[in-house]
There are 2 protein chains.
Amino acid sequence: MVTKHELEGLPEDADLRRADSLAREIFSDVANKWALLIIEALGEGTLRFSEIRKQVEGVSHKMLTQNLRMLERNGLVDREVHPTVPPRVEYTLTESGRALRVTVDAICGWTHAHLGHIEDARRRFDTA
Amino acid sequence: MVTKHELEGLPEDADLRRADSLAREIFSDVANKWALLIIEALGEGTLRFSEIRKQVEGVSHKMLTQNLRMLERNGLVDREVHPTVPPRVEYTLTESGRALRVTVDAICGWTHAHLGHIEDARRRFDTA
DNA sequence: CAGTATCCCTCTAGATACTG
DNA sequence: CAGTATCTAGAGGGATACTG
(Lines give C-alpha, C1' and ligand atoms only; values in the text may rest on other atoms or scores of the structure.)
Protein backbone atom coordinates (compact mmCIF):
# COMPACT_ATOMS: atom_id res chain seq x y z
CA MET A 1 0.00 0.00 0.00
CA VAL A 2 1.10 3.52 -0.68
CA THR A 3 3.66 1.52 -2.52
CA LYS A 4 6.95 3.12 -3.31
CA HIS A 5 6.62 2.29 -6.98
CA GLU A 6 9.12 -0.51 -7.04
CA LEU A 7 7.96 -1.05 -10.57
CA GLU A 8 8.00 2.54 -11.60
CA GLY A 9 9.26 3.13 -15.06
CA LEU A 10 7.88 -0.02 -16.61
CA PRO A 11 5.56 1.33 -19.25
CA GLU A 12 3.18 -1.61 -19.30
CA ASP A 13 1.69 -1.31 -15.86
CA ALA A 14 -0.65 1.59 -16.14
CA ASP A 15 -3.01 -0.78 -14.39
CA LEU A 16 -0.85 -1.00 -11.34
CA ARG A 17 -0.62 2.76 -11.25
CA ARG A 18 -4.33 3.08 -11.43
CA ALA A 19 -4.83 0.55 -8.65
CA ASP A 20 -2.27 2.47 -6.67
CA SER A 21 -4.00 5.79 -6.99
CA LEU A 22 -7.30 4.14 -6.20
CA ALA A 23 -5.76 2.64 -3.08
CA ARG A 24 -4.55 6.09 -2.13
CA GLU A 25 -7.98 7.53 -2.57
CA ILE A 26 -9.62 4.84 -0.49
CA PHE A 27 -6.99 5.22 2.17
CA SER A 28 -7.72 8.94 2.35
CA ASP A 29 -11.45 8.29 2.55
CA VAL A 30 -11.14 5.77 5.31
CA ALA A 31 -8.23 7.13 7.33
CA ASN A 32 -10.21 9.88 8.93
CA LYS A 33 -11.51 10.29 12.41
CA TRP A 34 -15.24 10.20 11.79
CA ALA A 35 -15.22 7.30 9.38
CA LEU A 36 -13.27 5.14 11.79
CA LEU A 37 -15.41 6.12 14.75
CA ILE A 38 -18.56 5.29 12.82
CA ILE A 39 -17.20 1.89 11.83
CA GLU A 40 -16.28 1.26 15.42
CA ALA A 41 -19.74 2.30 16.62
CA LEU A 42 -21.55 0.02 14.20
CA GLY A 43 -19.56 -2.95 15.37
CA GLU A 44 -21.37 -6.19 14.79
CA GLY A 45 -24.82 -4.70 15.05
CA THR A 46 -27.32 -2.57 13.21
CA LEU A 47 -28.01 1.01 14.18
CA ARG A 48 -30.32 3.76 13.11
CA PHE A 49 -29.03 7.16 12.04
CA SER A 50 -29.92 8.76 15.35
CA GLU A 51 -28.39 5.93 17.32
CA ILE A 52 -25.07 6.27 15.56
CA ARG A 53 -25.22 9.96 16.21
CA LYS A 54 -25.55 9.30 19.93
CA GLN A 55 -22.72 6.80 20.03
CA VAL A 56 -20.27 8.84 18.03
CA GLU A 57 -19.98 11.69 20.44
CA GLY A 58 -19.48 15.06 18.87
CA VAL A 59 -20.34 14.20 15.29
CA SER A 60 -22.63 16.70 13.59
CA HIS A 61 -25.66 15.76 11.57
CA LYS A 62 -23.88 16.84 8.42
CA MET A 63 -20.62 14.99 9.01
CA LEU A 64 -22.52 11.86 9.89
CA THR A 65 -24.57 11.82 6.68
CA GLN A 66 -21.54 12.69 4.61
CA ASN A 67 -19.44 9.91 6.04
CA LEU A 68 -22.25 7.38 5.92
CA ARG A 69 -22.75 8.14 2.21
CA MET A 70 -19.06 7.74 1.61
CA LEU A 71 -18.92 4.46 3.49
CA GLU A 72 -21.96 3.24 1.63
CA ARG A 73 -20.48 4.23 -1.68
CA ASN A 74 -17.32 2.29 -0.92
CA GLY A 75 -19.37 -0.72 0.10
CA LEU A 76 -18.43 -0.66 3.76
CA VAL A 77 -21.89 -0.10 5.15
CA ASP A 78 -25.24 -1.32 4.10
CA ARG A 79 -28.13 1.15 4.21
CA GLU A 80 -31.62 -0.19 4.60
CA VAL A 81 -34.59 2.14 4.35
CA HIS A 82 -37.89 1.06 5.85
CA PRO A 83 -40.62 2.95 4.04
CA THR A 84 -42.63 3.66 7.16
CA VAL A 85 -43.67 6.97 8.55
CA PRO A 86 -41.69 8.29 10.21
CA PRO A 87 -38.91 6.72 8.18
CA ARG A 88 -36.55 4.24 9.73
CA VAL A 89 -33.10 3.83 8.23
CA GLU A 90 -30.73 1.19 9.47
CA TYR A 91 -27.01 0.90 8.91
CA THR A 92 -24.95 -2.26 9.13
CA LEU A 93 -21.36 -3.05 8.27
CA THR A 94 -20.88 -5.17 5.19
CA GLU A 95 -18.41 -8.01 5.18
CA SER A 96 -15.64 -5.74 3.98
CA GLY A 97 -16.65 -3.18 6.59
CA ARG A 98 -16.38 -5.79 9.31
CA ALA A 99 -12.96 -6.75 8.02
CA LEU A 100 -11.81 -3.18 8.34
CA ARG A 101 -13.35 -2.92 11.75
CA VAL A 102 -10.92 -5.52 13.04
CA THR A 103 -8.07 -3.18 12.23
CA VAL A 104 -9.85 -0.24 13.80
CA ASP A 105 -10.20 -2.31 16.94
CA ALA A 106 -6.47 -2.86 16.81
CA ILE A 107 -5.88 0.89 16.74
CA CYS A 108 -8.19 1.32 19.70
CA GLY A 109 -6.35 -1.41 21.53
CA TRP A 110 -3.05 0.22 20.73
CA THR A 111 -4.34 3.55 22.03
CA HIS A 112 -5.32 2.13 25.39
CA ALA A 113 -2.22 0.00 25.73
CA HIS A 114 0.02 3.01 25.19
CA LEU A 115 -1.86 5.71 27.06
CA GLY A 116 0.74 5.77 29.79
CA HIS A 117 3.71 5.96 27.49
CA ILE A 118 2.07 8.70 25.51
CA GLU A 119 1.28 10.80 28.54
CA ASP A 120 4.88 10.49 29.66
CA ALA A 121 6.22 11.35 26.23
CA ARG A 122 4.03 14.43 26.11
CA ARG A 123 5.16 15.63 29.49
CA ARG A 124 8.77 15.25 28.46
CA PHE A 125 8.20 17.01 25.16
CA ASP A 126 6.17 19.86 26.61
CA THR A 127 8.65 20.71 29.33
CA ALA A 128 11.50 20.78 26.84
CA MET B 1 -12.01 2.71 22.92
CA VAL B 2 -14.31 5.57 22.27
CA THR B 3 -16.18 3.80 24.96
CA LYS B 4 -19.86 4.29 25.26
CA HIS B 5 -19.63 5.29 28.87
CA GLU B 6 -21.03 2.16 30.33
CA LEU B 7 -19.99 3.55 33.68
CA GLU B 8 -21.34 7.00 33.09
CA GLY B 9 -22.95 8.54 36.08
CA LEU B 10 -20.75 6.93 38.68
CA PRO B 11 -19.18 9.90 40.37
CA GLU B 12 -15.94 8.22 41.41
CA ASP B 13 -14.38 7.58 38.05
CA ALA B 14 -13.25 10.97 36.94
CA ASP B 15 -10.03 9.13 36.17
CA LEU B 16 -11.69 6.91 33.65
CA ARG B 17 -13.28 9.91 32.04
CA ARG B 18 -9.93 11.62 31.78
CA ALA B 19 -8.31 8.56 30.25
CA ASP B 20 -11.23 8.39 27.89
CA SER B 21 -10.90 11.91 26.66
CA LEU B 22 -7.16 11.45 26.33
CA ALA B 23 -7.75 8.33 24.26
CA ARG B 24 -10.08 10.35 22.06
CA GLU B 25 -7.51 13.01 21.59
CA ILE B 26 -4.79 10.54 20.68
CA PHE B 27 -7.14 8.78 18.33
CA SER B 28 -7.85 12.06 16.58
CA ASP B 29 -4.16 12.84 16.33
CA VAL B 30 -3.27 9.48 14.90
CA ALA B 31 -6.30 8.66 12.76
CA ASN B 32 -5.39 11.06 10.00
CA LYS B 33 -4.05 10.47 6.56
CA TRP B 34 -0.63 12.08 6.85
CA ALA B 35 0.24 10.64 10.22
CA LEU B 36 -0.54 7.13 9.07
CA LEU B 37 1.32 7.54 5.78
CA ILE B 38 4.37 8.83 7.61
CA ILE B 39 4.34 5.91 10.01
CA GLU B 40 4.03 3.58 7.07
CA ALA B 41 6.91 5.27 5.27
CA LEU B 42 9.23 5.06 8.24
CA GLY B 43 8.66 1.35 8.56
CA GLU B 44 11.52 -0.40 10.27
CA GLY B 45 14.14 2.04 9.12
CA THR B 46 15.46 5.53 9.68
CA LEU B 47 14.80 8.36 7.28
CA ARG B 48 15.80 11.96 6.91
CA PHE B 49 13.23 14.71 6.62
CA SER B 50 13.70 15.04 2.89
CA GLU B 51 13.56 11.29 2.37
CA ILE B 52 10.22 11.04 4.13
CA ARG B 53 8.99 13.88 2.03
CA LYS B 54 9.86 11.95 -1.11
CA GLN B 55 8.22 8.74 0.07
CA VAL B 56 5.01 10.31 1.28
CA GLU B 57 3.87 11.58 -2.05
CA GLY B 58 1.98 14.83 -1.95
CA VAL B 59 2.80 15.90 1.57
CA SER B 60 3.78 19.54 1.89
CA HIS B 61 6.78 20.72 3.85
CA LYS B 62 4.51 22.23 6.41
CA MET B 63 2.26 19.21 6.92
CA LEU B 64 5.27 16.98 7.25
CA THR B 65 6.90 19.04 9.99
CA GLN B 66 3.60 19.47 11.79
CA ASN B 67 2.85 15.79 11.80
CA LEU B 68 6.39 14.81 12.69
CA ARG B 69 6.25 17.14 15.69
CA MET B 70 2.94 15.67 16.73
CA LEU B 71 4.23 12.13 16.41
CA GLU B 72 7.36 13.03 18.31
CA ARG B 73 5.34 14.65 21.08
CA ASN B 74 3.24 11.53 21.43
CA GLY B 75 6.35 9.40 21.57
CA LEU B 76 5.77 7.58 18.29
CA VAL B 77 8.85 8.78 16.50
CA ASP B 78 12.32 9.50 17.67
CA ARG B 79 14.02 12.61 16.28
CA GLU B 80 17.78 12.67 16.16
CA VAL B 81 19.60 15.84 15.17
CA HIS B 82 23.17 15.60 13.94
CA PRO B 83 24.79 18.98 14.56
CA THR B 84 26.61 19.07 11.27
CA VAL B 85 26.40 21.61 8.56
CA PRO B 86 24.23 21.27 6.67
CA PRO B 87 22.10 19.74 9.42
CA ARG B 88 21.05 16.13 9.25
CA VAL B 89 17.89 15.08 11.08
CA GLU B 90 16.84 11.48 11.24
CA TYR B 91 13.49 10.05 12.21
CA THR B 92 12.82 6.55 13.49
CA LEU B 93 9.75 4.88 14.91
CA THR B 94 9.87 4.20 18.62
CA GLU B 95 8.68 0.91 20.01
CA SER B 96 5.15 2.23 20.42
CA GLY B 97 5.33 3.65 16.91
CA ARG B 98 6.31 0.28 15.52
CA ALA B 99 3.44 -1.28 17.41
CA LEU B 100 1.02 1.09 15.73
CA ARG B 101 2.65 0.49 12.38
CA VAL B 102 1.50 -3.10 12.51
CA THR B 103 -2.09 -1.92 12.53
CA VAL B 104 -1.42 0.56 9.73
CA ASP B 105 -0.06 -2.32 7.70
CA ALA B 106 -3.30 -4.12 8.37
CA ILE B 107 -5.28 -1.20 6.97
CA CYS B 108 -3.08 -1.16 3.88
CA GLY B 109 -3.57 -4.88 3.50
CA TRP B 110 -7.30 -4.43 3.83
CA THR B 111 -7.28 -1.71 1.18
CA HIS B 112 -5.56 -3.89 -1.36
CA ALA B 113 -7.56 -6.96 -0.55
CA HIS B 114 -10.83 -5.10 -1.09
CA LEU B 115 -9.94 -2.91 -4.05
CA GLY B 116 -12.12 -4.97 -6.35
CA HIS B 117 -15.14 -5.00 -4.07
CA ILE B 118 -14.82 -1.29 -3.55
CA GLU B 119 -14.63 -0.50 -7.23
CA ASP B 120 -17.75 -2.58 -7.82
CA ALA B 121 -19.58 -0.96 -4.95
CA ARG B 122 -18.74 2.46 -6.29
CA ARG B 123 -19.95 1.65 -9.76
CA ARG B 124 -23.22 0.37 -8.37
CA PHE B 125 -23.65 3.39 -6.13
CA ASP B 126 -22.74 5.94 -8.80
CA THR B 127 -25.10 4.59 -11.40
CA ALA B 128 -28.00 4.57 -8.95
C1' DC C 1 -36.96 10.54 11.71
C1' DA C 2 -33.78 10.96 8.03
C1' DG C 3 -32.08 13.68 4.53
C1' DT C 4 -30.94 17.87 1.69
C1' DA C 5 -29.75 22.64 1.03
C1' DT C 6 -28.08 27.07 2.42
C1' DC C 7 -25.39 30.27 4.85
C1' DC C 8 -21.31 31.48 7.04
C1' DC C 9 -17.23 31.28 9.51
C1' DT C 10 -13.25 28.93 11.18
C1' DC C 11 -9.24 26.73 10.60
C1' DT C 12 -6.56 23.90 7.53
C1' DA C 13 -3.05 23.69 4.59
C1' DG C 14 -0.41 25.54 0.48
C1' DA C 15 2.97 29.03 -1.17
C1' DT C 16 6.56 31.90 -0.15
C1' DA C 17 10.29 33.91 2.16
C1' DC C 18 13.69 33.91 5.73
C1' DT C 19 17.19 31.77 9.51
C1' DG C 20 20.73 28.57 11.65
C1' DC D 1 19.06 20.67 4.83
C1' DA D 2 15.73 21.36 8.30
C1' DG D 3 12.88 24.41 10.48
C1' DT D 4 10.00 28.64 11.51
C1' DA D 5 6.94 32.48 10.31
C1' DT D 6 3.62 34.94 7.61
C1' DC D 7 -0.04 35.48 4.35
C1' DT D 8 -3.93 33.79 2.07
C1' DA D 9 -7.40 31.01 -0.49
C1' DG D 10 -10.57 27.61 0.05
C1' DA D 11 -12.24 23.50 1.98
C1' DG D 12 -14.31 21.77 6.18
C1' DG D 13 -17.70 21.72 9.13
C1' DG D 14 -21.39 23.90 12.31
C1' DA D 15 -26.10 25.95 12.63
C1' DT D 16 -30.38 26.47 10.74
C1' DA D 17 -34.33 25.80 8.03
C1' DC D 18 -37.07 23.06 5.04
C1' DT D 19 -39.01 18.42 2.71
C1' DG D 20 -40.80 13.53 2.28
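A note on names: the letters A, B, ... follow the listed sequences, proteins ahead of strands, and every chain is numbered from 1. Atom set for the values below is all heavy atoms of this structure, side chains included, hydrogens, waters and symmetry mates excluded.
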Sugar-phosphate only, base, or nothing, as touched by A:R79 at under 4.0 Å among non-hydrogen atoms: sugar-phosphate
For C:dG20, the Watson-Crick or wobble counterpart (both distances under 3.5 Å): D:dC1
Spacing between A:Q66 atom CD and D:dG12 atom P, to the nearest angstrom: 8 Å
Sugar-phosphate, base or nothing in reach of A:R53, heavy atoms under 4.0 Å: nothing
Nearest-nucleotide pick for A:P86, side chain only, options being C:dC1, D:dG3, C:dG20: C:dC1
Value in whole Å for how far the P atom of C:dG14 lies from CG of B:N67: 10 Å
Shortest side-chain distance from B:M63, nucleotide among C:dA13, D:dG14, C:dT4: C:dA13
Whole-Å distance separating the CG atom of A:L64 from the P atom of C:dG3: 8 Å
Interatomic distance where CG belongs to A:L68 and C1' belongs to C:dT4 [whole Å]: 14 Å
Among D:dC7, D:dG13, D:dG20, the one nearest A:K62 by side-chain distance: D:dG13
Flag for A:T103-B:T103: side-chain donor and acceptor within less than 3.5 Å: no
Nearest atoms (heavy-atom pairs only) where B:A23 meets A:H112: CB-NE2, 4.0 Å
Donor + acceptor pair across side chains of A:D29, A:N74 (<3.5 Å): yes
Of the listed nucleotides D:dG3, C:dA2, C:dG14, the one nearest the side chain of A:V89: C:dA2
Proximal nucleotide (of C:dG3, C:dC7, D:dA2) relative to the B:F49 side chain: D:dA2
Distance test, side-chain N/O of B:T84 to OP1/OP2 of D:dC1, below 4.0 Å: no
Under-4.0 Å salt bridge between B:D105 and B:R101: yes
Whole angstrom value for the distance that separates C1' of C:dC1 from NE2 of A:H82: 13 Å
Integer-rounded Å distance: C:dA17 C1' and B:H61 NE2: 12 Å
Geometric class of the A:H114/A:W110 ring pair [parallel <30°, tilted 30-60°, perpendicular >60°]: parallel
Residue-phosphate contact under 4.0 Å: A:R48 side-chain N/O, C:dA2 OP1/OP2: yes
DNA chain C: 5'-proximal contact among A:P87 and A:T65 (nearest heavy atom): A:P87
Rounded distance (Å) that lies between atom P of C:dC1 and atom OH of A:Y91: 15 Å
Euclidean distance, atom CH2 of residue A:W34 to atom C1' of D:dG14 [Å, nearest integer]: 12 Å
